[in-house]
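Given the structure is predicted, the values throughout are model-derived calculations rather than measurements. Letters A, B, ... are given to chains in the order of the sequence lines, protein chains preceding strands, and every chain is numbered from 1.
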Amino acid sequence: MNFTDSAAATDDAAPMHRQSIAAHARALRRRDYSSVELTRHFLARIAAAEDLNAFITVTEDRALAQAEAADRRLAAGDENSDADAAPLLGIPLAHKDLFCTAGVLTSCGSKILSNFIAPYDATVVDKLNRGGAVTVGKTNLDEFAMGSSNETSCAGAVRNPWDKTRVPGGSSGGSAAAVAARLAPVATGTDTGGSIRQPAALCGLTGIKPSYGRVSRRGMVAFASSLDQAGVLATNAADAAIVLRAMAGFDAADSTSLQLDVPDYPALLASARAESGKPLAGKTIGLPREFFGADVAPDVADCIDAALAQLRALGASTVEVELPNSAAGIPCYYVLAPAEASSNLARFDGVRYGHRAADAADIDDLYARSRGEGFGAEVKRRIMVGTFVLSSGYYDAYYLKAQKLRRLIADDFRRAFEVCDLLAGPTTPATAFELGEKTRDPVAMYLNDIFTNAVNLAGLPALSIPAGFDRANLPVGLQLIGDYLDEATPLIAAHCYQQATDWHRQTPAEYA
Amino acid sequence: MPITREQIARIAHLARLATAPAETTEDAEAAEAEEYAAQLSRILELVEQMNRIDTNGVAPLSHPQQLAEAALRLRADEVTETDRRADYQRIAPAAEDGLYLVPRVIE
């Protein structure tokens, strides 16, 4: 395949909803269409695709008001509306309904927050608003982001646009389905154990989870605070780079936010274009032996092998590495994440906000029944697991043991990065599964995260990018993992791969 | 380790979590506790795979930023928040005169 300038050569011929963010930015400034027209186009697509159940709330009036404001800024044409200074000005996007949005329902897919109108904007939302982005709505998700199929939402399951009998993945399943069906050019997501990368893989998208501390967690409803990180679901790496740059950065209101400058990801991607066709020359990709085992479906393994061959053709070399403790990732994660969740979710008590049980006999009854009525089964399971592993007599055997394993898992990655620049492997062992297939068996559901959750335990940045299709025409995701704080290397690799391939341009037929 | 129905009741109490709706019959409640017990037993069976790995002498890691040796910041001891009590109480299920209302705690 030849190198093409994706933004200029191919995009402008595609319909409006398949344009890249950069193409929209140019078109808005050429007055080919206005932000209001663009926003109406996506709102109409959202209305026509209700059966996907991708959105919990569509914010049509607010979106049109934001679009009008963006059009005024574009018409004024000052330096603040320049495409480099404001790449998202007038661009529609959707937020996972885990981010607080002032004056708009913020449900977290839970009955306990089914009446919660957030009193403030999450920092991520605020930053994107100030960048001039247009919020078209709040997307569906697994309840409190606890799930890998988007089936635990109190708003109902989301359907995968590639096959509506299958799950979109989770927990950012609504964001993934919305972007895959081109109901929004891009959406925010959150990733605690794979919740951006796994749905990106299952829906054929580019999804990035940045390094822990890169993006503010303020106003992002907490699930597991040492693992949660906000990120982006997009159709391509260049779009993801633009949005990540806009949402990242230090926030004094988040004590774990890193006081570091945010690299200019879009500029780094642009400079990686090599006329030689070998833009990845000098880069070494580590292939963790543990990610290429028998538990990977044959079609997935074939797609990953082909993707690695493509990356080598682009100049990268590959080396086998070992992550010997990676098998402990799932057990370790399913102690630590529930433990942190059980503490975080203690705030939902029926007193200050959210659902409150009627006619409580006393304060304990109020707590127990408000929570019992408000939380779904998976959330209750995790609260109970977390409460158990933190309880007296079990703390050392479970919680402390998991924290020690977390150190070993992080050390494995550190050693691997001594011999390579990034790691690659499948994002998931298999493609999208059927709705209902794993809802009866929590443990089978947990195993979806086998290649993703160790990355969160170590706080590393990682992407999933589309790398082909299986024989059922379901997307396959390639995971690229970067060293701590190095989002740029996997983003550049993804961008170079996408300039040489067109998997990321494929759209489900019904939504083309 | 297998979890019993009695343990489920204790954990649910610690977590202030009514696992079955109030109007549920005793039999249905028992069945629900039984199901949670079975599921939690399966989950613990999964997480006990941790014991296959020797962690003697390994320092626990609670947070990825410990790896970067990035110390958590302490902010200056200054008032930075504005008074938004009215905004926050507007979304409360029951508030009056600036107070959150709960069932009587002290007789």
Side-chain angles (χ1 to χ4, degrees), chain A residues 116-117 119 212-213 226 252 255-256 258-259 325 327-328 330-332 334-335 342 349-356 360-369 371-373 375 380-381 383-385 387-388 391 398 400-408 410 414 442-443 446 457-459 484-485, chain B residues 1 3 7-8 10-22 32 35-36 39-40 42-53 55-68 70 72-75 80 84 87-95 100-105:
Chain A
F116 176 63
I117 308 295
Y212 184 84
S226 79
S255 63
T256 59
L258 293 168
Q259 263 172 309
N325 295 295
I330 292 256
C332 175
Y334 280 99
V335 171
S342 73
D349 56 4
V351 174
R352 289 163 300 160
Y353 39 74
H355 173 76
R356 179 188 184 99
D362 54 34
I363 188 79
D364 270 337
D365 188 43
L366 176 73
Y367 293 151
R369 283 205 292 119
R371 292 161 61 75
E373 292 165 10
F375 293 136
K380 287 182 189 173
R381 274 194 290 273
I383 289 174
M384 286 196 280
V385 169
T387 304
F388 176 75
S391 65
Y398 291 95
L400 206 60
K401 176 81 183 179
Q403 286 194 322
K404 290 176 178 178
L405 282 168
R406 184 175 191 176
R407 167 88 56 188
L408 293 180
R414 189 176 46 73
V443 169
Y446 295 173
L457 293 167
Y484 191 50
L485 297 175
Chain B
M1 61 177 275
I3 294 283
Q7 279 175 302
I8 289 291
R10 182 178 144 69
I11 296 165
H13 172 69
L14 287 173
R16 299 295 184 273
L17 204 56
T19 51
E32 179 137 339
E35 191 176 341
Y36 277 115
Q39 288 168 336
L40 258 64
R42 288 256 297 129
I43 294 169
L44 290 181
E45 200 180 306
L46 172 79
V47 305
E48 280 159 13
Q49 291 173 13
M50 294 193 302
N51 296 327
R52 293 178 193 167
I53 297 174
T55 52
N56 260 328
V58 177
L61 175 66
S62 62
H63 204 276
Q65 281 171 348
Q66 287 177 352
L67 296 169
L72 290 184
R73 280 172 297 107
L74 289 178
R75 68 169 176 83
T80 53
R84 297 196 59 199
D87 293 335
Y88 291 130
Q89 293 207 330
R90 200 170 297 123
I91 55 172
Y100 292 99
L101 302 187
V102 294
R104 183 178 294 276
V105 178

- [ ] Take B:L17 and A:Y367, measure what side-chain contact (heavy atoms from CB on, under 4.5 Å) needs, and give me the verdict at the end.
- [x] CA-CA 7 Å; B:L17 204 56; A:Y367 293 151; over 6 Å; no
Q.
Pair B:H63, A:T256 - check side-chain contact (heavy atoms from CB on, under 4.5 Å), show working.
A. CA-CA 10 Å; B:H63 204 276; A:T256 59; 3.6 Å; yes
| Steps toward side-chain contact (heavy atoms from CB on, under 4.5 Å) verdict (A:F388, B:M1) | CA-CA 12 Å; A:F388 176 75; B:M1 61 177 275; 3.8 Å; yes
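Across every non-hydrogen atom of B:M50 and A:K401, the tightest pair is O-CE, 3.2 Å. For B:R84 against A:P119, the heavy-atom pair with the smallest separation is NH2-O, 2.7 Å. The two residues A:S226 and B:P64 come nearest to each other via the heavy atoms O-CD, 3.4 Å. Summarising the geometry of B:I91 relative to A:I117, their closest heavy-atom pair is CG2-O, 3.6 Å, with the distance given to 0.1 Å. Residue A:R356 comes nearest to B:P93 through the heavy atom pair CD-CB, 3.4 Å, listed as atom of the first residue, atom of the second, then distance. Nearest heavy-atom pair, A:R371 versus B:R16, reported as atom, atom and distance to 0.1 Å: NE-O, 2.9 Å.
Ranked by heavy-atom pairs under 4.5 Å with chain A, the list B:L101, B:V105, B:I43 is led by B:I43. Of the listed residues (B:I8, B:V102, B:I3, B:T55), the one with the most heavy-atom contacts under 4.5 Å to chain A is B:T55. For the set B:A15, B:S62, B:A12, B:P60, the entry with the most heavy-atom pairs within less than 4.5 Å of chain A is B:P60. Across B:R104, B:E35, B:R90, B:Q39, the residue that shares the most heavy-atom pairs under 4.5 angstrom with chain A is B:Q39.
Between atom CD of residue B:Q7 and atom CE of residue A:M384 there is a gap of 12.0 Å, rounded to the nearest 0.5 Å. For the atom pair B:R10 CZ and A:T387 OG1, the distance stands at 10.5 Å (nearest 0.5 Å).
Contact of B:Y36 with chain A is made through the side chain alone, with heavy-atom distances under 4.5 Å. Residue B:L74: no heavy atom, backbone or side chain, is found under 4.5 Å from chain A. Residue contact with chain A, scored on non-hydrogen atoms closer than 4.5 Å, is absent for B:R75. With a threshold of 4.5 angstrom between heavy atoms, B:E45 does not approach chain A through any atom at all. Contact of B:Q89 with chain A is not made at all, since no heavy-atom distance falls under 4.5 Å.
Considering only heavy atoms from C-beta on, B:V58 comes within 4.5 Å of A:R407 through its side chain. Side-chain atoms of B:I11 and A:S391, non-hydrogen and from C-beta on, never get closer than 4.5 Å to each other.
By the side chain to side chain contact (heavy atoms under 4.5 Å, CB included) test, B:Q49 pairs with A:P331, B:L46, B:R52, sequence neighbours left out.
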